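Structure, as structure tokens:
Worth saying up front: this structure is predicted, and the values here are computed from it rather than measured.
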Amino acid sequence: IRDRQYPERVAMRDDHGEICYAALADRVQRIALALQQQGVKRGDRVAVLTTPRADGYTVFLALNAMGAIWLGINPVYQYPEMKYVVDDATPVALVFLSEFQGRQYVDEARQLMTDCPSLANAWCLDRDLGDYVSLDTMVTTTLSGTEVVPSDSACDREDVAMIVYTSGSTGEPKGCMLPNKAMAFRAFTQWQQFRVTDYPRVYCPLPLNHVGGMQMVAGATLFAGGTVNFQEKFDPASVGEIVARGEVNFMVLFPTMYQLIMDHPAFDPEDWRSLECINFSGGVISRALLGRLSELGAGHVCTCFGSTETCIGVIFSEPDLDLDTLAISVGKPIRDDARVLNENGEPCGVGEIGEFQVRRDFCMLGYFNRPEATSAAFTEDGWLKTGDLV
């Protein structure tokens with residue numbers, strides 16, 4: 001849809017170049033068709049080892065277009081972590097970055113192909129190798145140029161779009177199955193709450209195996225017809241330049257990242273004049289840092305609260321909330337899909353601590369291949385038990 005509305009608008013850019021919506025739509029279709037002809041089917045998982053970069057996210061869009069499922073692998077993972085995710089999610093193919101900042105991933109990709117029987121194919125994301133061709137080469141050699149998308153290949157709103165693994169703080173990491181309908185609803189809601197006067201232009205250094213980078217930043221921005229400025233590794237010295245050059249108007253980072261940026265000698269408030277909305281999530285923020293953020297750009301600082309299982313933001317801070325309140329709160333419900341219950345399962349009163357729960361309509365479908373854990377994650381009356389106390 002966006003390629004017809006804004007064909008020449010930049011959809012994504014990074015240090016390797018940029019791509020507009022029209023070109024992105026064509027590339028997504030070609031990759032999807034080629035993957036289908038290579039045997040990837042609707043519902044199959046495909047593991048992708050990539051930094052935050054445009055060609056990596058394009059693979060997600062191609063998988064989604066054909067109803068296949070993205071399985072992100074963080075390039076900072078050590079081999080046992082990679083193997084755990086692949087063994088657990090049983091993807092049929094692997095797409096991998098050849099190297100980043102001196103670390104070579106080719107041998108680890110070869111080892112995964114040897115150790116993990118579900119993997120039938122592998123392609124290198126960025127270049128041709130001796131035994132693995134690049135994704136572009138695979139597409140070129142697979143397609144004749146006359147193919148059409150099969151009528152039964154399009155994704156459905158109920159389909160799982162991606163599997164995102166939790167940190168494993170309560171045991172082994174589990175794969176959250178996030179459906180298209182949840183991603184679309186949360187993205188739509190986000191841009192109702194985080195309004196910008198023009199289309200959103202964001203900065204994204206967050207990893208693409210995590211719901212923050214995949215959904216809250218990149219996914220929601222493309223949903224709204226915006227521009228994603230990817231950075232493969234967070235570098236506090238270069239953020240201001242990226243913001244200024246890309247006229248970034250929406251920013252979402254962790255509080256510690258903002259602190260590193262503002263404490264760096266390269267920080268210049270003039271670089272941040274285009275910002276209309278600054279969001280902080282994922283950690284406690286100091287009142288002093290909030291004050292400094294409120295002096296940047298339009299001065300609108302906000303927060304939201306959600307989790308991997310909720311497909312990111314569920315509750316949002318009110319516009320122009322005073323900074324003292326903002327420093328100690330995470331937002332308020334915007335519809336009747338959030339509640340706080342005490343240990344007896346009763347609604348909490350003001351000032352009482354209880355578990356934050358979310359109606360399951362636009363949350364994960366469950367944990368991949370873990371029916372018991374899925375059942376335990378939801379209440380009998382259909383609410384997700386987040387485990388977070390508020």
Closest approach of [X] and [Y], non-hydrogen atoms and distance?
{"X": "G387", "Y": "E355", "value": "N-OE2, 2.9 Å"}
{"X": "V252", "Y": "S281", "value": "CG2-OG, 4.3 Å"}
{"X": "M216", "Y": "C304", "value": "CE-SG, 3.2 Å"}
{"X": "Y199", "Y": "T227", "value": "CE1-OG1, 3.6 Å"}
{"X": "G56", "Y": "W70", "value": "O-CZ3, 3.4 Å"}
{"X": "S294", "Y": "L323", "value": "OG-CD1, 3.7 Å"}

Could you give the distance from [atom1] ([X]) to [atom2] ([Y]), rounded to the nearest 0.5 Å?
{"X": "T114", "Y": "L119", "atom1": "OG1", "atom2": "CG", "answer": "10.0 Å"}
{"X": "F280", "Y": "C302", "atom1": "CZ", "atom2": "SG", "answer": "8.0 Å"}
{"X": "L384", "Y": "C311", "atom1": "CG", "atom2": "SG", "answer": "11.5 Å"}
{"X": "R27", "Y": "I31", "atom1": "CZ", "atom2": "CD1", "answer": "4.0 Å"}
{"X": "L222", "Y": "Q215", "atom1": "CG", "atom2": "CD", "answer": "10.5 Å"}
{"X": "D235", "Y": "I242", "atom1": "CG", "atom2": "CD1", "answer": "7.5 Å"}

Contact between [X] and [Y] at the side-chain level, heavy atoms closer than 4.5 Å - yes or no?
{"X": "L63", "Y": "M162", "value": "no"}
{"X": "E172", "Y": "Y84", "value": "yes"}
{"X": "I73", "Y": "V86", "value": "yes"}
{"X": "R45", "Y": "I69", "value": "yes"}
{"X": "T221", "Y": "W191", "value": "yes"}
{"X": "L112", "Y": "K83", "value": "yes"}
{"X": "I261", "Y": "H264", "value": "no"}
{"X": "Y165", "Y": "L71", "value": "yes"}

Check: [X]/[Y] side-chain N/O donor and acceptor closer than 3.5 Å:
{"X": "N249", "Y": "D198", "answer": "no"}
{"X": "T386", "Y": "E309", "answer": "no"}
{"X": "D322", "Y": "T325", "answer": "yes"}
{"X": "Q231", "Y": "Y203", "answer": "yes"}
{"X": "R13", "Y": "N229", "answer": "yes"}
{"X": "T142", "Y": "Q38", "answer": "yes"}
{"X": "D126", "Y": "S98", "answer": "yes"}
{"X": "H16", "Y": "E232", "answer": "yes"}

Transitive ILVMFWY side-chain link [X] to [Y], under 4.5 Å:
{"X": "L253", "Y": "F305", "answer": "no"}
{"X": "F362", "Y": "V358", "answer": "no"}
{"X": "I163", "Y": "Y77", "answer": "yes"}
{"X": "L24", "Y": "V10", "answer": "no"}

Between [X] and [Y] (salt bridge meaning N to carboxylate O under 4.0 Å), is one present in this structure?
{"X": "D115", "Y": "R110", "answer": "no"}
{"X": "K181", "Y": "E158", "answer": "yes"}
{"X": "E247", "Y": "R273", "answer": "no"}
{"X": "R339", "Y": "D336", "answer": "no"}
{"X": "R359", "Y": "D381", "answer": "no"}
{"X": "D337", "Y": "R186", "answer": "yes"}
{"X": "D263", "Y": "R292", "answer": "yes"}

In this structure, are over 12 heavy atoms from other groups packed under 6.0 Å from [X] atom [atom1]?
{"X": "R245", "atom1": "CZ", "answer": "yes"}
{"X": "Y79", "atom1": "OH", "answer": "yes"}
{"X": "D15", "atom1": "CG", "answer": "no"}
{"X": "Q192", "atom1": "CD", "answer": "yes"}
{"X": "E346", "atom1": "CD", "answer": "yes"}

Next item on the list: Take N180 and N64, measure what side-chain hydrogen bond (donor to acceptor under 3.5 Å, both in side chains) needs, and give me the verdict at the end.
Entry: CA-CA 9 Å; N180 284 305; N64 188 253; 2.7 Å; yes
Tell me whether [X] contacts the main-chain N or O of [Y] through its side chain, where contact means a donor paired with an acceptor under 3.5 Å.
{"X": "Y258", "Y": "L293", "value": "no"}
{"X": "Y57", "Y": "L208", "value": "no"}
{"X": "S118", "Y": "V92", "value": "no"}
{"X": "T137", "Y": "V133", "value": "no"}
{"X": "T379", "Y": "W383", "value": "yes"}
{"X": "D268", "Y": "E270", "value": "yes"}
{"X": "R127", "Y": "L125", "value": "no"}
{"X": "Y21", "Y": "G226", "value": "yes"}
{"X": "D14", "Y": "G17", "value": "yes"}
{"X": "D44", "Y": "K41", "value": "yes"}

Next item on the list: Examine R360 relative to F378 and say whether NZ or CZ is less than 6.0 Å from the centre of the six-membered ring and inside a 45° cone about the ring axis.
Entry: yes
Next item on the list: Kindly confirm or rule out a cation-pi arrangement of R370 over Y367, judged by NZ or CZ under 6.0 Å from the six-membered ring centre and within 45° of its axis?
Entry: no
Next item on the list: Take F223 and F188, measure what side chain to side chain contact (heavy atoms under 4.5 Å, CB included) needs, and give me the verdict at the end.
Entry: CA-CA 8 Å; F223 182 92; F188 175 74; 3.8 Å; yes
Next item on the list: For S329 and L321, run side chain to side chain contact (heavy atoms under 4.5 Å, CB included): C-alpha distance rounded to whole Å, both residues' side-chain angles, the deciding distance at 0.1 Å, then the answer.
Entry: CA-CA 10 Å; S329 60; L321 185 66; 4.1 Å; yes
Notebook entry, point to check: Are V160 and F368 close enough, and set up right, to give a side chain to side chain contact (heavy atoms under 4.5 Å, CB included), and what steps lead you there?
Noted result: CA-CA 10 Å; V160 175; F368 183 74; over 6 Å; no
Check: Step by step, would you call M251 with W272 a side chain to side chain contact (heavy atoms under 4.5 Å, CB included)?
Finding: CA-CA 10 Å; M251 179 81 77; W272 298 63; 3.6 Å; yes
